[in-house]
Amino acid sequence: MAQMKIKPSPGYVLVEPAKIEKKTPSGIVLPDSHEEKPRKGKVLAVGAAEITESGGKREAPCKVGETVIYKEWGGNEYKEGSKEYLFIKFEDILGTIK
């Protein structure tokens with residue numbers, strides 16, 4: 001992948017959502033209208049530490065290259081060409097997959 005030119009603002013992570021399976025394990029093909037939003041994706045870029053209301057710093061809960069699980073409706077969508085990305089707040093990340 002080419003070097004990412006998008007840099008998230010402090011407190012945000014740029015994620016490429018995982019592809020949704022269009023077929024069930026038994027082989028049934030699902031229509032596009034059945035799609036649900038993915039809740040995991042690969043971290044492409046991480047913003048700087050966020051300054052909290054109390055003046056402390058909140059560091060990113062993940063690193064570039066990790067796969068994260070995030071809130072179902074978390075993030076703000078961004079599309080560049082045919083690629084879709086999400087800007088997700090640090091607090092919307094629920095965990096990482098190792």
Side-chain angles (χ1 to χ4, degrees):
M1 182 172 120
Q3 184 178 3
M4 196 55 149
K5 295 180 182 180
I6 303 169
K7 183 175 180 184
S9 295
Y12 284 87
V13 173
L14 180 66
V15 173
E16 182 176 14
K19 301 287 183 213
I20 298 174
E21 284 295 321
K22 302 246 183 202
K23 195 185 286 188
T24 65
S26 62
I28 298 171
V29 177
L30 301 171
D32 288 341
S33 62
H34 183 266
E35 283 187 22
E36 61 182 60
K37 290 188 170 226
R39 290 184 284 186
K40 69 178 181 178
K42 183 177 179 183
V43 176
L44 301 176
V46 177
E50 177 181 31
I51 305 299
T52 63
E53 288 181 18
S54 62
K57 283 189 176 183
R58 179 183 295 152
E59 297 291 331
C62 55
K63 298 175 187 165
V64 172
E66 291 184 321
T67 300
V68 294
I69 300 169
Y70 48 87
K71 291 182 181 179
E72 186 170 359
W73 299 105
N76 294 299
E77 295 177 353
Y78 172 74
K79 190 170 184 177
E80 187 171 294
S82 63
K83 290 276 195 174
E84 290 189 18
Y85 303 102
L86 285 175
F87 284 97
I88 300 175
K89 286 186 162 196
F90 289 175
E91 67 236 27
D92 288 342
I93 295 175
L94 303 174
T96 57
I97 299 174
K98 300 279 180 182

Do V64 and F90 share a hydrophobic cluster, counting only Ile, Leu, Val, Met, Phe, Trp and Tyr and linking them when any side-chain heavy atoms are less than 4.5 Å apart? yes
C62 and V46 have their tightest heavy-atom pair at O-CG2, 4.0 Å
Could you go through the side chain to side chain contact (heavy atoms under 4.5 Å, CB included) check for F87 and I6 one step at a time? CA-CA 10 Å; F87 284 97; I6 303 169; 3.4 Å; yes
Find the distance between CD1 (I97) and NZ (K42) and round it off to the nearest 0.5 Å. 13.5 Å
Determine whether K57 and I51 make a side-chain contact, defined as any pair of heavy atoms from C-beta on separated by less than 4.5 Å. yes
Passes side chain to side chain contact (heavy atoms under 4.5 Å, CB included), V68 versus K40? Steps please. CA-CA 5 Å; V68 294; K40 69 178 181 178; over 6 Å; no
Let me see the working for Y70 and V13 under side chain to side chain contact (heavy atoms under 4.5 Å, CB included), right down to the final yes or no. CA-CA 11 Å; Y70 48 87; V13 173; over 6 Å; no
The reported gap from CG in D92 to CG in L94 (rounded to nearest 0.5 angstrom) is 7.5 Å
Mind running side chain to side chain contact (heavy atoms under 4.5 Å, CB included) on Y12 and K89 for me, showing each step along the way? CA-CA 4 Å; Y12 284 87; K89 286 186 162 196; 3.1 Å; yes
Closest non-hydrogen atom pair, P17 against E84: CD-O, 3.4 Å
Can you measure from NZ (K7) to CG (L44) and round to the nearest 0.5 angstrom? 15.5 Å
For L86 and E77, which heavy atoms make the closest approach, and how far apart are they? CD2-CG, 3.5 Å
For the residue pair P10 and A49, what are the closest heavy atoms and their distance? CB-O, 3.7 Å
